[in-house]
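In what follows, a single structure is set out as structure tokens and then discussed.
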Amino acid sequence: MTAHQLILKQRAELLAVLCGGGNAEPLDCVLDLLLACEVLVWEDYLSIRVAEKPLCSNVRHLLDVVYDKGEDACSLFLAAMNQVIPEEQKAGLCFGKECAVVDKNRPDTATLTLLADRPVLVRKLRDNIDRALNALLTTGCFTIKDCDAVQLPVYTPSQQVRRLLDQVRFKGETAAKTLLQYLEQTETTRPNPEDKENHLSANCLLYQKKLRSSVAAQSHSLSTYGGTGRFSLDDIYTDSLLEVIDGSGETLTLGLEDVVGPLGTLNEEADTILVSGEAGSGKSTLLQRLHLLWAREALLTNTFLLFPFSCRKLNAEQRELSLKELLFLHCCWPDRGQDEVFQFILDHPNLALFTFDGLDEFKQGFTDEERHCCPTKQVPIPVLLFNLLQGTLMKGVMKVATSRPQAVGPSLKRYLRKEVLLKGFSPGGIDCFVKKHHSDPAMARRVIESLQANTGLLSLCHIPVFCWIVTKCHQELLGGQDVITQTITDVYLLVLQHFFQRKSPQSQGVLGKAWLEEHLDTVLKLGQLALEGLEASCYVFSGYELQRNGLTEKEVSQGFLIYCNDLSVTDCKRYEFLHITLQCFFAALYVVLNRNIDRSAVSRLFHPQYRQLSGLSQRCLGHCIDSSVEELESHVTETPNLQITAQFVSGLLSQRHHDLLLECCPIAVRERKVKQVVKSLSKGMQRHFKSIPRPVEGEKKSMHAMPSFVWLIKCIYEMQDNSIAQDTMAKLDVEHLKLTYCNIGPVECTALAYVLKYLRNPVGLQLDNNSVGDVGAEQLLPCLHICHSLYLRNNNISDEGIRKLLEKGMKCENFQKIALFNNNLTDACTQHFALLLKSKQNFLSLRLGNNNITSQGAEQLAEGLSYNQSLQFLGLWGNRIGDRGAEALAAALKNSTTLIWLSLVDNGVGSAGACALAKLISQGKTLEQLWLNKNCISREGVECLIEALKMNSSVQEVWLRGNNLSPEEEEELSKQESRLIF
Ligand SMILES: Nc1ncnc2c1ncn2[C@@H]1O[C@H](COP(=O)(O)OP(=O)(O)O)[C@@H](O)[C@H]1O
Ligand SMILES: [Mg+2]
């Protein structure tokens, strides 16, 4: 196909790619290239890039202009597109033959040189527009007004460069020459990052060495193993699942080395990368691993200096600091040549990397209201941090920040280069971790076996911090508890028991039944510290604060508190809880066990918006409470912690732990608190149910769950009380429950199934775009009987998960639809679908798009289909079933009296397949839509379809876009049969 034809045929797709997301950058890059190779002349450019018109109309105009310029222009345009758009967006687009760019002579005027070098100049000048403008200003080529017009803050740096170039062109040859001269000069004077070693001064190298060794020392071992000295990070680090959603909405899996890399970049102009994940998913550990590998020169080798920061520690910084002070005081002090080292950082932003761990633990929520760009001016820490993240300060320095997802609002999202989602351990990762933890293979095997026998616990182990506790407390776990460990409260009670046992005088012996009562005093003191800390966003405590709470040295050394691992220059020891979740657990213990806590404490946890700082926390943690921080703002960081605490409170008040709490807390007080929790949960749920809109006629009554819905469900699960689950669900009356993009992993699936199984009427459960996985799929089984449809698109499910799901699904009368687009399914699962189709004669819809099913899988499916007389929708878009698969399906379906919709888009189906499908058309009476886009069907195949359509009146449309036909053929064939769509 000629380039001309390709542009016409793919016009819609090209338009979509260039306008996608409203970002003009791809169009501008294409224009730069086309100007450089003289496909476009300046007048064309001015007529195309009209700022007042919508982007799409600019793009349409460009397509028209290029099309009118003939074949060569079209192929150069396609080559430019190929160069500019990211790989992920190229799927399905064809760019034609490689075209050789004719080598032209260097242009003879400066103005033309700027045009010919435009794509390179945009990249080069992006980071030093100021200096270029300065050069133009001092030579009188530009006025201040010109400079201001270039640097309007609405423009991205690249757009600013283009405006600068346009203005230079407008000013004429002298301005162009000045700019070229300036560029030549900087080329010779600016150090090139490639040969940085040659230009580095001894002081900078010395500083790097010092920084490397302190970062290495700090990241060498994991804090949760602190003190025991048994594990270095190398021994225990286990890869976890990292994902990123690219510009086209596809999920990509990343390796650690891709975190600071181009994969998944959404905003080229931004340089903050966010790693987000729930509490305990391993964010801090991941950063620690990055730090260690950098210090050893094993990763991030292009990064000359890496500065690690912890937001929880920055909270304690009361002084106003300049950037220079922040780097040197909080990370590493240069022994020599301070100014020189700092100047080096300023001059080489691309060689530095800053990391900020735990943005969610920073007291103040992100705002971009106060701009600050001076590296030497002292400002409050929040101003410094937020301007670094935005890129106002130190543009060009790559930043990696971690946070829990809830704490990242839209105002910060605008400044993100990309968001990497940390999903915890895979099933294989759990095994690997347990094996690393237990050097005795027999013990590792026992732990793994016990996990496999308790899938509720196994699902918890996807979160590394739970996995760590479960593995650490294996003795308590395997030693036969009264209560089967299932909930996170169970898991944290294990760790509590474990630490007390370790330090108890009769350490070999098992703790007595009343172990909690024995340690009640310690628990309450730690609990008070924990709760007050949470309420004030305070996670680091001084020795003085511990003393004030009455904690003795012995209690401090129990293991729940650890020393802060700190690079900064401070003179006093500071402590933190082993993990934030442990702080939440102690806070929960305090709420449950303290007889004197005020009556509203429980309900305050469930409705944090009504919370007031308690008098106590103001007294004890005075330094943590910054009076300038508005109450409301700090809620952003506290809510997730208070929610985890509430979850623990629910768990501790569960009837299952009644005996343990018996002696610690009077029954009447406990009962009152139970009632409060149940009431709060029920009220919370009611609020959700009330938000369900009345159904529009003809539509299903559906509820789109808010994130706190999942939290409430998890609290109900912690209580492990069937009647509470039953009572709550009795009031929910919907036909469709939508929980897409809700961070649903295996743990959430367990809780959901526990509660949803009590629904009165069948629902469609939509869990698209979560991380259910095979373990999560198995956790859903208890509620499968009440699901008429299950939507699990994009959930990392493989054949094994499907096997278990279908085994149960086959026996569920209500279960009629399943959607599994974009998972990891192969031919190994199709036999289970075949069995399902054979045995369930009321099954309606099967969607398996974007998996790895080949002709073999299609043949197996066909086997099942030939016995089925109920299926109405079958989707296999984006697999590889080929002609053979299409033939098998057609043969199996030709007697179907129910099939309405069939999609075999993008499956490598050729004319033979199309002719087989023609029989389905000629014999079938029900089929309405047949989708065959993006295959390799040629004229012969389409003619078969036309013949068949002559005998069929039910089919409404046959889609054939993107097959092997010329535009002329398409036109001719569609005249023959109007139901064909090209
Ligand atoms: N990749 C990993 N390999 C081994 N253990 C891990 C890993 N990630 C987390 N852990 C364990 O889980 C605990 C909590 O992880 P952490 O990184 O503090 O989570 P987060 O910062 O997301 O709350 C760690 O102290 C460690 O014991
Ligand atoms: Mg952390």
Side-chain angles (χ1 to χ4, degrees), residues 218-228 230-242 254-256 259 274-293 308-315 355-362 400-408 420-426 428-438 460-474 488 491-492 495 498 534 537 539-540 559-565 576-585 637 640-641 643-644 743 745 747:
Q218 189 202 24
S219 53
H220 174 262
S221 54
L222 260 178
S223 58
T224 35
Y225 295 92
T228 63
R230 261 180 68 207
F231 288 102
S232 69
L233 187 63
D234 286 325
D235 293 335
I236 199 71
Y237 186 82
T238 306
D239 281 323
S240 34
L241 289 169
L242 287 169
L254 300 186
L256 188 62
V259 172
L274 181 77
V275 177
S276 68
E278 296 300 334
S281 60
K283 300 176 296 292
S284 304
T285 310
L286 177 123
L287 271 193
Q288 200 177 326
R289 185 75 182 152
L290 276 183
H291 298 162
L292 185 66
L293 294 178
F309 295 98
S310 145
C311 293
R312 63 162 66 178
K313 287 168 199 160
L314 289 179
N315 276 338
T355 66
F356 298 99
D357 188 27
L359 217 53
D360 51 335
E361 292 178 357
F362 195 62
V400 181
T402 70
S403 172
R404 276 182 262 179
Q406 300 90 332
V408 183
V420 177
L421 312 172
L422 178 54
K423 303 248 157 144
F425 291 152
S426 66
I430 297 176
D431 282 6
C432 178
F433 177 85
V434 175
K435 286 181 190 151
K436 283 183 172 196
H437 189 103
H438 291 289
L460 282 178
C461 288
H462 283 78
I463 313 273
V465 74
F466 302 154
C467 193
W468 165 70
I469 296 179
V470 167
T471 315
K472 188 175 182 63
C473 303
H474 62 278
I488 61 163
V491 169
Y492 279 71
V495 83
H498 178 87
L534 288 185
S537 303
Y539 315 98
V540 179
F560 302 112
L561 290 169
I562 49 171
Y563 286 132
C564 268
N565 202 348
E576 59 194 349
F577 280 90
L578 205 46
H579 191 258
I580 181 73
T581 46
L582 193 67
Q583 185 172 350
C584 296
F585 183 60
T637 62
N641 291 330
Q643 287 192 340
I644 298 175
N743 259 324
V747 183

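Numbering of ligands and ligand atoms starts at 1, following listing order.
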Worksheet item: Does the side chain of Arg404 pick up a donor-acceptor pair with the side chain of Asn641 at under 3.5 Å?
Response: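 Yes, Asn641 and Arg404 have a side-chain donor paired with an acceptor closer than 3.5 Å.
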Worksheet entry | Protein N/O/S count near the Mg ion (ligand 2) (criterion: distance under 2.8 Å) |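 The number of such protein atoms is 1.
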Does ligand 1 come near enough to [X] that some N or O of the ligand is less than 3.5 Å from an N or O of the residue?
X	answer
Ser284	yes
Gly282	yes
Ser281	yes
Ser240	no
Gly280	yes

Which atoms of ligand 1 have any heavy atom of [X] under 4.0 Å away?
X	answer
Trp468	27 (O)
Ile236	3 (N), 4 (C)
His579	14 (C), 16 (P), 18 (O), 19 (O), 20 (P), 23 (O)
Glu278	22 (O)

Practice prompt. Output yes when Asp234 and Arg289 qualify as a salt bridge under the 4.0 Å nitrogen-oxygen rule, no when they do not.
Written response: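 The answer is yes: the pair qualifies as a salt bridge.
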Worksheet entry | Proximal candidate to atom 16 (P) of ligand 1 [heavy atom criterion; set Val275, Thr285, Asp360, Leu222] |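 Minimum heavy-atom distance to atom 16 (P) of ligand 1 goes to Thr285.
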Worksheet item: Which is closest to atom 3 (N) of ligand 1 by heavy-atom distance: Thr581, Thr238, Val465?
Response: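 That would be Thr238.
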Worksheet item: Of Asp235, Asp431, Thr238, which meets side-chain contact (heavy atoms from CB on, under 4.5 Å) against Lys436?
Response: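 It is Thr238; the other options fail the test.
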Worksheet entry | Partner of Leu286 under side-chain contact (heavy atoms from CB on, under 4.5 Å), chosen from Asp357, Leu242, Asp239 |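 Among Asp357, Leu242, Asp239, the one meeting side-chain contact (heavy atoms from CB on, under 4.5 Å) with Leu286 is Leu242.
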In the protein, which heavy atom is nearest to [atom], and how far is it?
atom	answer
atom 27 (O) of ligand 1	Thr224 OG1, 2.8 Å
atom 5 (N) of ligand 1	Phe433 CE1, 3.4 Å
atom 10 (N) of ligand 1	Pro464 CB, 3.5 Å

Worksheet item: If you take all heavy atoms of Tyr492 and Thr581, which pair is closest and at what distance?
Response: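 It is OH-OG1, 2.7 Å.
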Fill in: Nearest heavy-atom neighbours spanning Ser219 and Leu233
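Heavy-atom minimum between the residues: O-CD2, 3.6 Å.
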To the nearest 0.5 Å, tell me how far [X] [atom1] sits from [Y] [atom2].
X	Y	atom1	atom2	result
Thr471	Ile236	OG1	CD1	8.0 Å
His579	Ile562	NE2	CD1	10.0 Å
His291	Thr355	NE2	OG1	3.0 Å
His462	Glu278	NE2	CD	14.5 Å
Leu422	Leu241	CG	CG	8.5 Å

Practice prompt. Decide yes or no for Tyr237 and Leu293: does some side-chain heavy atom of the first lie under 4.5 Å from some side-chain heavy atom of the second?
Written response: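 With C-beta onward as the side chain, the pair stays apart.
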Discussion item. Does the residue Ile580 have a heavy-atom contact with ligand 1, meaning some pair of atoms that are separated by less than 4.0 Å?
Written reply: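 For ligand 1, residue contact (heavy atoms, under 4.0 Å) with Ile580 is absent.
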Worksheet item: Less than 6.0 Å separating the ring centroids of His437 and His474?
Response: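 No - the distance between ring centres of His437 and His474 does not fall below the 6.0 Å cut-off.
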